[in-house]
J.: 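Okay, here's the structure, questions in a sec.
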2 protein chains.
Amino acid sequence: MKLESVDISQTASASAIVFEALKRAIIKGELKDGEPLRQDEIARLFNTSRIPVREAISRLQEQGLVKSQRYKGAVVAGIAPEEVSEIFDFRALLEGHVIEQAVPRMSKETLSAARSYCEEFVASSDPMEWGDLNRKFHSALYQASGLSYHNGVVNAALDRVDRYLRAQLTLTDGMERANIEHMGILEACEKQDAKMACDRTRQHILGAKNTLINHLKSK
Amino acid sequence: MKLESVDISQTASASAIVFEALKRAIIKGELKDGEPLRQDEIARLFNTSRIPVREAISRLQEQGLVKSQRYKGAVVAGIAPEEVSEIFDFRALLEGHVIEQAVPRMSKETLSAARSYCEEFVASSDPMEWGDLNRKFHSALYQASGLSYHNGVVNAALDRVDRYLRAQLTLTDGMERANIEHMGILEACEKQDAKMACDRTRQHILGAKNTLINHLKSK
DNA sequence: ATATTGCAAATTGGATCCAATATATAATAT
DNA sequence: ATATTATATATTGGATCCAATTTGCAATAT
């Protein structure tokens, strides 16, 4: 008799665990810009040696999320306002293109999933959750494009600015405006109007960029 | 008396050296798709221990240039024809945008530098050099945009397909066509016609994609 | 002959140790 | 008191060692 081959939970390597945890902490903004990442301290936190920690830091550096100097260690990478601005422009270009490709490939399930993220988004009162749901909403739509490389790059760009985006959502009318614009994008998708979805996505991103830049300048 | 603080040749870390060397070897195609990267072997080659090698491999993995499996090691990441196709589409979108932004910011020096790369390109008979000069030509023009994040992403995408691009250049009329199209792009830049530079760049990339895909399918 | 089992070698992941460098602190000179 | 030097501590980079896992190969059974 032959048994079905079961994937016994391939427990991830320590370095992968540390990497994911640090990445999440940086993206969410729990680790502040410029905050040093002490290998020893992190190793103790995860009950490992410094080796997996160093591999994790190497990978984070490659993603641009931390900056290291030889013998001085790694710190959470800050980001200049001009770079924030450039990354939002980049996102506008790319995400517009991706959603345009995605629209003709969206299933009913995709659209209803996006809609429910949208509803959770307005229902939620936890600012930390807004960022996640915002991202899930967009990501659900983008996935339909089938463009895995494009989506990978989109996610990498988002990782770099996610914490600022979250901050932007908490500004006065950030949530409200985001929700209106999400509905507009969703509507375009449901109408199968790819060009409109593209334009609205770009406006959504460029609008967020402007309020964010103004906010950064004002202090 | 106070001496000027001199930056004594900050010799790079071993892991950085190994990383750069492996990256170059993969990009140039010296390491073939699927070829395993043995930590021990590489460590001996560079007279180091396996630790820096592992950090280098971690970083390469993050860039998508190698794929690792726990306890099985890392291999040079192959790439499916569909992914090649997607990356060329991605490049067309992005590089078109970048050169469009770059055109109004191009100095005389930029243009003459690009022109000389172009001339070296036609003069060279070494297929390996073609790839380098091709890349230097485009890069020189893109740099003028000042869009460092965009350019970083462009380079990462190029790194993934560089070896296939080189192969494409060596095809029958690859060189000849590339040169004609380069001249066309350069002409558009010199005429300060940003839209034309954008369109020609996109056609250049999509044309290369088509010949490459046909070539991949034919065998 | 083919498939299965049981080692032995090879290879990777991680821990511990040492060397190189940076940072903080105390001692000294002006 | 301030600035400079010397010293101690902390931290990172890398080497070596051990454990976990895979892979290759021989022995065995059918």
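Reckoned from all heavy atoms, side chains included, excluding hydrogens, waters and symmetry mates. Just so we're on the same page: letters track the sequence lines, and every chain starts at 1.
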J.: When the distance from CD of A:Glu55 to C1' of C:dA15 is rounded to whole Å, what number comes out?
T.: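 Nearest whole value for this atom pair: 13 Å.
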J.: Between the side chains of A:Thr110 and A:Gln143, does any donor sit under 3.5 Å from an acceptor?
T.: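 Per modelled atom types, A:Thr110 and A:Gln143 side chains form no pair under 3.5 Å.
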J.: Picking from D:dT21, D:dG13, C:dA22, which would you name as closest to the side chain of A:Arg70?
T.: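 The listed nucleotide nearest to A:Arg70's side chain is D:dG13.
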J.: Can you tell me how far C1' of D:dG13 sits from CD1 of B:Ile17, to the nearest Å?
T.: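 Spelled out: CD1 on B:Ile17 to C1' on D:dG13 is 12 Å.
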J.: Roughly, in whole Å, what's the span from CD in A:Gln61 to P in D:dT12?
T.: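 In whole Å, D:dT12 P and A:Gln61 CD are 13 Å from each other.
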J.: Give one of base, sugar-phosphate or nothing for A:Thr48, where a contact means two heavy atoms less than 4.0 Å apart.
T.: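 Touches sugar-phosphate only.
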J.: For B:Gly73 and for A:Asn47, find the nucleotide of DNA chain C with the closest heavy atom, then tell me which residue's nucleotide is more 5'.
T.: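 Taking each residue's closest nucleotide, the earlier one in sequence belongs to B:Gly73.
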J.: Identify which nucleotide among D:dT11, D:dG14, C:dA22 has an atom closest to any side-chain atom of A:Arg38, counting heavy atoms from C-beta outward.
T.: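 Among the listed nucleotides, the one closest to the side chain of A:Arg38 is D:dT11.
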J.: Please state how far atom OH in A:Tyr71 lies from atom P in C:dT21, giving the value in whole angstrom units.
T.: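 Between P of C:dT21 and OH of A:Tyr71: 5 Å.
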J.: Once you round it to whole Å, what is the distance between P of C:dT11 and CD of B:Gln69?
T.: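 Rounded to whole Å, this separation is 16 Å.
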J.: Counting heavy atoms from C-beta on, name the nucleotide in D:dT23, D:dA15, C:dG14 closest to the side chain of B:Lys72.
T.: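 Given the options D:dT23, D:dA15, C:dG14, the side chain of B:Lys72 is closest to D:dT23.
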J.: Under 4.0 Å, heavy atoms only, any strand: does B:Ile57 hit a base, just the sugar-phosphate, or nothing?
T.: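 Nothing: the residue B:Ile57, judged by heavy atoms under 4.0 Å, touches no strand.
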J.: Measure the distance from CG on A:Asp40 to P on C:dT23 and round it to the nearest whole Å.
T.: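 It works out to 17 Å between those atoms.
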J.: Taking donor-acceptor contacts at under 3.5 Å, does the side chain of A:Arg50 reach the base of D:dG13?
T.: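 Looking at the base of D:dG13, it does pair with a donor or acceptor on the side chain of A:Arg50 (distance under 3.5 Å).
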J.: Given atom CD of B:Glu41 and atom P of C:dT11, what is their separation to the nearest angstrom?
T.: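 From B:Glu41 CD to C:dT11 P: 9 Å.
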J.: Considering only NZ, NE, NH1 and NH2 on the basic side and carboxylate oxygens on the acidic side, decide whether B:Arg135 and B:Asp159 come within less than 4.0 Å.
T.: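 Salt bridge between B:Arg135 and B:Asp159, a charged N being under 4.0 Å from a carboxylate O: yes.
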J.: Is the distance from OP1 or OP2 of C:dG13 to the nearest side-chain N or O of B:Gln39 less than 4.0 Å?
T.: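 Answer is yes, contact under 4.0 Å.
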J.: Can you find a donor-acceptor N/O pair under 3.5 angstrom joining the side chain of B:Arg54 to the base of C:dG14?
T.: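 Result: at least one qualifying N/O pair found.
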J.: Is the closest side-chain donor-acceptor distance between B:Tyr142 and B:Glu95 under 3.5 Å?
T.: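 Present: a donor and an acceptor within the cut-off.
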J.: What is the distance, rounded to the nearest whole Å, between atom CD1 of B:Ile42 and atom P of C:dT11?
T.: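 Whole-Å distance recorded here is 12 Å.
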J.: How about B:Arg105: does its CZ atom have over 12 heavy atoms from other parts shown lying under 6.0 Å from it?
T.: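 For B:Arg105, atom CZ is crowded (more than 12 foreign heavy atoms under 6.0 Å).
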J.: If the threshold is 4.0 Å, N to carboxylate O, is there a salt bridge linking A:Arg160 and A:Glu83?
T.: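 Salt bridge flag = yes for A:Glu83 with A:Arg160.
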